[in-house]
Amino acid sequence: MKTRTLGNQGLVVSELGLGCMGMSEFYSGRDEEEAIATLHRAIELGVTFLDTADMYGPFTNEKLVGRAIQDRRDQVILATKFGNVRTEGGGWAGISGKPEYVRQACDASLKRLGVDVIDLYYQHRVDPTVPIEDTVGAMAELVQQGKVRYLGLSEAAPATIRRAQAIHPISALQTEYSLWSRDPEDEILPTIRELGIGFVPYSPLGRGFLSGQITRPDDLAEDDYRKNSPRFQGENFQKNLQVVEQVRAIAQERGHSQSTCPGMAAGAGK
């Protein structure tokens with residue numbers, strides 16, 4: 001497994017990462033035993049970069065990942081996130097970047113994960129009501145306290161990234177990037193290259209399209225949130241399948257086969 005360096009602070013991760021969201025929520029067909037077996041197999045294959053968040057489940061995904069790595073903590077780089085506020089019943093309570101919430105969320109994640117330190121701590125979504133300087137300032141305190149090693153942002157605008165970087169070095173930015181989501185190429189990628197911030201694209205397989213396992217709308221169960229996404233509906237679905245076929249043809253021309261792979265890939269921002 002090749003590795004990538006994210007940012008300029010020494011964070012080194014496997015080139016392929018494993019996004020764990022769908023093991024607890026949003027995607028259908030969830031099975032905890034299979035999820036833990038998948039995590040263990042990924043680690044055996046050299047995947048060190050595991051991605052979770054407090055909102056997945058909610059809260060249950062961190063517990064799942066924590067159980068899976070309890071006897072192999074030193075083999076993984078553990079990333080989790082805060083900012084999307086969920087209730088115990090699964091409801092949505094908005095976005096928070098308030099310093100006191102940052103501290104509370106971190107302590108709760110550490111407890112659920114069963115670890116002493118989070119390797120990469122992301123702000124999952126930017127709170128427009130709280131200056132980014134205040135949020136990142138609180139995140140920087142977590143680094144000083146030894147609870148977090150590196151800081152990250154998710155879905156942040158270029159100006160926000162610059163302001164955050166001025167408060168504390170940001171090691172990684174996570175944003176959706178695939179054949180279906182090219183927006184980062186306009187402003188995000190140039191900004192983080194300039195600042196020396198690593199880029200972590202999520203959903204590089206187009207939320208499953210490029211896996212080759214989704215060929216009909218019925219392949220998605222009724223409780224799969226992708227059912228409500230325009231990408232998977234009506235004429236859009238058929239047009240997206242055409243994109244998949246074009247990619248398959250290109251791969252075959254080059255002697256590669258289409259296969260499944262982890263749901264996240266790490267990229268250097270410099």
Side-chain angles (χ1 to χ4, degrees), residues 1-23 35-53 65 68-69 71-81 113 115 117-122 148-155 161 169-182 184-185 188-213 244 247-270:
M1 177 66 67
K2 297 179 181 178
T3 61
R4 298 288 183 93
T5 299
L6 300 178
N8 296 320
Q9 293 72 53
L11 176 57
V12 179
V13 300
S14 55
E15 189 173 56
L16 292 179
L18 182 59
C20 303
M21 179 191 78
M23 296 177 178
I36 290 177
T38 299
L39 282 157
H40 288 172
R41 181 57 176 155
I43 294 171
E44 289 175 4
L45 293 173
V47 173
T48 64
F49 197 16
L50 304 182
D51 180 277
T52 181
V65 173
I69 68 168
D71 61 346
R72 56 201 80 193
R73 174 66 179 96
D74 60 346
Q75 299 179 48
V76 301
I77 298 296
L78 187 58
T80 192
K81 317 177 195 74
L113 290 163
V115 299
V117 60
I118 295 165
D119 296 308
L120 176 59
Y121 200 39
Y122 289 105
V148 170
R149 290 194 172 101
Y150 304 97
L151 301 186
L153 301 174
S154 180
E155 299 287 359
I161 298 169
I170 302 298
S171 295
L173 175 78
Q174 186 181 82
T175 294
E176 183 172 3
Y177 186 43
S178 71
L179 291 177
W180 286 267
S181 300
R182 312 295 296 191
E185 295 173 357
I188 294 295
L189 293 181
T191 298
I192 63 173
R193 286 193 185 104
E194 175 190 338
L195 298 175
I197 297 172
F199 185 66
V200 179
Y202 72 79
S203 296
L205 301 182
R207 301 188 183 275
F209 260 124
L210 285 184
S211 70
Q213 296 181 340
V244 174
V247 173
R248 190 197 308 273
I250 292 171
Q252 290 176 343
E253 288 177 3
R254 288 158 173 75
H256 301 290
S257 62
Q258 186 179 41
S259 61
T260 58
C261 71
M264 185 179 67
K270 51 183 179 178

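These figures come from a predicted structure and were not determined experimentally.
- Counting only distance, with no hydrogens or angles, the side chain of S14 and the backbone of T48 share a donor-acceptor pair below 3.5 Å.
- Qualifying ring-ring contact (aromatic ring centres under 6.0 Å, His included) partners for Y121, counting only residues two or more places apart in sequence or in other chains: F82.
- By the side-chain contact (heavy atoms from CB on, under 4.5 Å) test, T3 is found to be paired with V12, residues two or more places apart in sequence or in another chain being considered.
- Nearest heavy-atom pair, P184 versus T175, reported as atom, atom and distance to 0.1 Å: CG-CG2, 3.8 Å.
- With contacts defined as side-chain heavy-atom distances shorter than 4.5 Å, the pair F49/V200 qualifies.
- What you find for A53 and T80 is that their closest heavy atoms are CA-OG1, 3.3 Å.
- Judged as a side-chain contact (heavy atoms from CB on, under 4.5 Å), and not counting sequence neighbours, the contacts of L45 are R41.
- Judged by distance alone, with hydrogens and angles left aside, the side-chain atoms of S181 form no donor-acceptor pair with the main-chain N or O of S178 at under 3.5 Å.
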Item to complete: List the steps and the verdict of side chain to side chain donor-acceptor pair (under 3.5 Å) for Y122 and E155.
Response: CA-CA 10 Å; Y122 289 105; E155 299 287 359; over 6 Å; no
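- Under the 4.5 Å side-chain criterion, counting only non-hydrogen atoms from C-beta, L50 is in contact with L39.
- Considering every non-hydrogen atom in both L18 and A42, the closest pair reads CD2-CB, 3.9 Å.
- Here the CD atom belonging to E194 is positioned 11.0 Å from the CD1 atom belonging to I192, to the nearest 0.5 angstrom.
- Residues passing the side-chain contact (heavy atoms from CB on, under 4.5 Å) test with P169 are Q9, sequence neighbours excluded.
- Nearest approach of E185 to P190, heavy atoms of both residues: O-CD, 3.8 Å.
- Y177 has its side chain out of reach of Y202: every pair of non-hydrogen atoms, C-beta onward, lies at least 4.5 Å apart.
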Item to complete: Step by step, work out the side-chain contact (heavy atoms from CB on, under 4.5 Å) result for M21 and T52.
Response: CA-CA 6 Å; M21 179 191 78; T52 181; over 6 Å; no
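- Residues I69 and H40 have side chains not in contact (no heavy-atom distance under 4.5 Å, counting atoms from C-beta outward).
- Residues I197 and L173 come closest through the heavy atom pair CG2-N, 3.8 Å.
- Below 30°, between 30° and 60°, or above 60°: for W180 and F209 the angle between ring planes is below 30°, a parallel geometry.
- Here the side chains of V117 and R149 are in contact, with some heavy-atom distance below 4.5 Å.
- Nearest approach of A172 to L120, heavy atoms of both residues: CB-CD2, 4.1 Å.
- Here L16 contributes atom CG and K2 contributes atom NZ; the two are 10.5 Å apart, rounded to the nearest 0.5 Å.
- When the side-chain contact (heavy atoms from CB on, under 4.5 Å) test is applied to Q75, the partners found at least two apart in sequence or on another chain are I43, R72.
- In this structure, Q174 and L153 have side chains that are not in contact, with every pair of non-hydrogen atoms separated by 4.5 Å or more.
- A distance of 5.0 Å separates CG in L189 from CZ in R193, rounded to the nearest 0.5 Å.
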Item to complete: Start with the C-alpha gap between I170 and I161, add the side-chain angles, then the distance that decides, and say whether side-chain contact (heavy atoms from CB on, under 4.5 Å) holds.
Response: CA-CA 8 Å; I170 302 298; I161 298 169; 5.7 Å; no
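- Legend: residues meeting side-chain hydrogen bond (donor to acceptor under 3.5 Å, both in side chains) with S154, ordered by chain and number and at least two apart, are R125.
- Distance alone, capped at 3.5 Å, is enough to place a donor-acceptor pair between the D119 side chain and the L78 backbone.
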